[in-house]
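Down below is the structure, laid out as structure tokens.
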Amino acid sequence: MATDLAVDPCVAVIFGASGDLARRKLLPGIYNLGRNRLLPPAFGIVGFARRDKSDDEFRAWMKESVEQHSRHKPIDSAVWDDLAQSMVYVQGNFDEPAAYQRLSEKLEQLDEQRGTRGGRVFYLSVPAASVRPIVDNLHAAGLCRAPKSAPEGTYPRVIVEKPFGVDLESARALNRDLLAKLEEKQIFRIDHYLGKETVQNLLVLRFGNTIFEPLWNRDHISHIEITAAEHIGMEGRGKFYEATGLMRDIIQNHALQLLCMVTMEAPISWAADAVRDEKVKTLRALRPIVGHEAARLSTVRAQYTRGVVRGDEVHGYRDEPDVAAESQVETYAALAMHLDNWRWGGVPIYLRAAKRLKKKVTEIALNFRALPHPLFRDVPGAAEQPNALLLRIQPDEGIAMRFATKVPGQTTAIREVAMDFRYGTAFGEESPEAYERLLLDAMRADATLFTRDDEVEAQWTYVDPILAAWRDGEPRLSTYESGSWGPSEAKALLAVEGHRWSKP
Ligand code: BG6
């Protein structure tokens with residue numbers, strides 16, 4: 001993980017520049033990097049998209065997006081003006097070779113005018129089907145290699161959005177095709193959860209302290225819960241969800257990354273490959289859930305029905321636009337997982353993710369083992385297992401340690417309390433957005449927070465057999481009311497081993 005902020009001169013080329021991600025996250029992210037003086041002095045931006053636009057129209061459109069979506073408002077006009085000068089637009093279809101010639105010329109012009117010296121970061125903010133044609137055309141136009149004028153060691157980087165493939169086979173094929181045109185070190189597979197401050201902090205918490213690590217294993221932890229709940233529904237993405245489902249949208253990537261960060265072994269260094277080696281080892285240690293019976297015992301899938309979320313009445317999934325009336329696509333998934341390795345043998349890891357739950361909360365709970373001898377068994381409030389470490393990824397970012405205390409008074413009563421660390425109050429400043437961090441890392445060629453080819457394949461290797469059982473109807477798709485905490489089957493999943501979700 002980078003500690004050095006130096007970024008080499010470069011041009012960021014955004015494919016799909018008129019899309020939602022570019023508008024809401026990427027351009028505001030670049031602006032905020034500029035505002036915090038983190039961009040190199042020699043910098044350029046190229047927007048590449050299908051719509052016809054002049055450079056000035058592109059700049060005006062981007063300004064509006066930044067004004068609307070930047071986390072710092074109002075925008076600083078000096079910073080914006082400087083950025084706007086470095087912005088140009090290329091109109092083209094992703095599979096149109098002539099457009100890449102135009103792109104190549106613009107890049108050369110920027111090298112001359114802005115001193116960007118052949119540094120290139122291509123951000124593919126495009127549907128999965130457009131990734132291959134873009135890389136093929138970049139390659140044909142000679143843009144997968146640095147220009148001769150570039151300093152020694154410069155190499156273009158290509159950032160690829162998730163989902164990377166739709167299953168193991170397609171991910172392998174995509175890796176193979178990309179690696180025919182690019183080296184692995186040039187491919188930055190993004191998973192924006194890794195750019196979140198609190199996710200990065202998991203490693204600092206574990207490996208930058210001595211007090212936690214001795215407890216971080218099967219001797220002390222009884223079970224782990226990982227929750228990635230959202231209150232939002234489809235937000236116009238019904239078509240995408242019908243083709244994707246929650247398992248591919250959230251679990252295959254974000255949730256498995258959280259699992260890796262919380263359970264992996266200490267890497268030997270912060271070098272990108274050292275960290276990723278450990279994550280791959282963890283993914284490979286996941287006990288496969290293969291076959292109908294295993295899927296029935298260890299997984300729950302469900303779909304939301306109508307209900308009330310944060311005071312508003314909302315539709316069920318099947319009433320969302322572009323969703324089939326009989327859709328079998330899941331918007332909720334819960335898994336009972338096991339890592340077959342020395343550290344975690346026998347410790348269940350319960351993972352759940354969903355749309356349209358009561359509220360947005362991403363949280364990891366490490367629940368400690370029960371007391372060896374329940375001395376306070378008869379004392380009011382005493383719990384068999386009072387201790388937990390709660391890692392709040394978002395919102396209300398922080399870490400809480402739960403333990404039992406005596407309630408002051410002349411009799412003995414016990415209550416669970418928490419020591420609570422909150423980012424907001426401890427640091428008093430807002431954390432950067434995940435995309436800012438990841439854009440910056442790609443510009444400085446640091447791949448630590450990006451997914452490697454074998455890592456993405458290991459994720460699919462785990463997920464594929466579960467999806468296969470689900471396709472066969474095992475377990476059956478259940479339902480949950482919007483605004484609830486999910487289906488009752490998810491409670492039963494934990495009850496098998498005598499556990500329950502710490503949140504309902
Ligand atoms: C995206 C998913 O990758 O992550 C969305 O496609 C989801 O469905 C989003 O809403 C959640 O991200 P965050 O940062 O809001 O937790």
Side-chain angles (χ1 to χ4, degrees), residues 2 4-17 26 30 33-34 38-48 83 85-90 92 94-126 130-161 174-190 271-273 276 438-453:
D4 172 11
L5 286 174
V7 185
D8 292 331
C10 67
V11 181
V13 181
I14 302 183
F15 286 90
L26 304 182
I30 292 177
L33 291 173
L38 292 169
L39 292 175
F43 182 66
I45 303 174
V46 179
F48 186 118
L83 213 55
Q85 276 176 28
S86 70
M87 250 182 210
V88 295
Y89 186 73
V90 174
F94 299 145
D95 55 0
E96 176 197 347
Y100 293 78
Q101 289 311 322
R102 294 199 289 278
L103 172 62
S104 181
E105 283 159 23
K106 291 264 186 180
L107 288 169
E108 279 169 27
Q109 279 167 19
L110 281 169
D111 282 348
E112 263 175 40
Q113 292 159 3
R114 310 282 306 180
T116 41
R117 306 178 72 196
R120 314 274 186 255
V121 174
F122 299 105
Y123 199 117
L124 313 195
S125 172
V126 298
S130 303
V131 170
R132 274 192 187 83
I134 293 176
V135 172
D136 288 350
N137 278 291
L138 285 173
H139 187 257
L143 291 169
C144 288
R145 287 188 315 274
K148 292 211 174 64
S149 56
E152 178 84 24
T154 307
Y155 54 90
R157 271 85 78 182
V158 177
I159 306 179
V160 185
E161 265 294 333
L174 186 55
N175 274 331
R176 200 177 45 234
D177 292 351
L178 296 189
L179 287 165
K181 308 276 157 62
L182 298 159
E183 289 176 52
E184 174 58 32
K185 70 174 183 191
Q186 294 182 272
I187 307 173
F188 285 62
R189 297 171 195 78
I190 207 162
D273 278 335
R276 298 187 298 179
L438 295 173
L439 279 161
L440 192 66
D441 279 2
M443 289 182 209
R444 56 190 168 194
D446 180 349
T448 315
L449 300 178
F450 293 82
T451 315
R452 204 170 57 189
D453 54 350

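Residue numbers count from 1 along this sequence.
- F43 pairs by the ring-ring contact (aromatic ring centres under 6.0 Å, His included) definition with nothing, not counting sequence neighbours.
- In terms of heavy-atom proximity, L439 sits nearest to L26 at CD1-O, 3.9 Å.
- Closest approach of V126 to G16, counting heavy atoms only: CG1-N, 4.0 Å.
- Side-chain contact check for Y155 versus E183: every heavy-atom pair is 4.5 Å or farther apart.
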Open item on the list: Between V158 and L182, is the side chain to side chain contact (heavy atoms under 4.5 Å, CB included) condition met? List the steps.
Closed with: CA-CA 9 Å; V158 177; L182 298 159; 3.9 Å; yes
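- Side-chain N or O atoms of Q186 include one that pairs as donor or acceptor with a backbone N or O of C144 at under 3.5 Å.
- Between the CG atom of L178 and the CD1 atom of I187 there is a distance of 5.0 Å, given to the nearest 0.5 Å.
- Applying the salt bridge (charged side-chain N to carboxylate O under 4.0 Å, His left out) definition to pairs two or more places apart or across chains, those involving residues 130-142 are R132-D177, D136-K181.
- To the nearest 0.5 Å, the span separating CE on M443 from CG on L438 amounts to 11.0 Å.
- A distance of 4.5 Å separates CD1 of I45 from CD1 of I30, quoted to the nearest 0.5 Å.
- Closest heavy-atom contact between L179 and E184: CD2-N, 3.4 Å.
- Between the CG atom in L143 and the CD1 atom in I134 there is a gap of 12.5 Å [rounded to 0.5 Å].
- Note that CG of L39 is 6.5 Å distant from CG of L83, once rounded to the nearest 0.5 Å.
- Within the structure, side-chain hydrogen bond (donor to acceptor under 3.5 Å, both in side chains) pairs that include any residue of residues 106-115 comprise D111-T116, D111-R120 (at least two apart or interchain).
- Aromatic ring pairs are classed by plane angle as parallel below 30°, tilted from 30° to 60° and perpendicular above 60°; the pair F48 and F15 is tilted.
- Side-chain contact check for E105 versus V90: every heavy-atom pair is 4.5 Å or farther apart.
- Checked by atom type and distance alone, the side chain of E161 never pairs as donor or acceptor with a backbone atom of S125 at under 3.5 Å.
- Applying the ring-ring contact (aromatic ring centres under 6.0 Å, His included) test to F122 and every residue at least two apart in sequence or in another chain returns nothing.
- Considering all non-hydrogen atoms of both residues, Y100 and A141 come closest at CB-CB, 3.9 Å.
- In terms of heavy atoms, A42 sits closest to G115 at CB-O, 3.1 Å.
- At least one side-chain heavy atom of V13 sits less than 4.5 Å from a side-chain heavy atom of L107.
- Listed by chain and residue number, nothing satisfies the ring-ring contact (aromatic ring centres under 6.0 Å, His included) test with Y123 (two or more places apart in sequence, or in another chain).
- Distance check, rounded to the nearest 0.5 Å: CG of D453 to CG of L174 gives 11.0 Å.
- In terms of heavy atoms, T154 sits closest to A146 at O-CB, 3.4 Å.
- Partners of R117 under the side chain to side chain contact (heavy atoms under 4.5 Å, CB included) rule, at least two apart in sequence or in another chain, are P9, P151.
- Heavy atoms from other residues, nucleotides or ligands lying under 6.0 Å from CZ of R145 number 12 at most.
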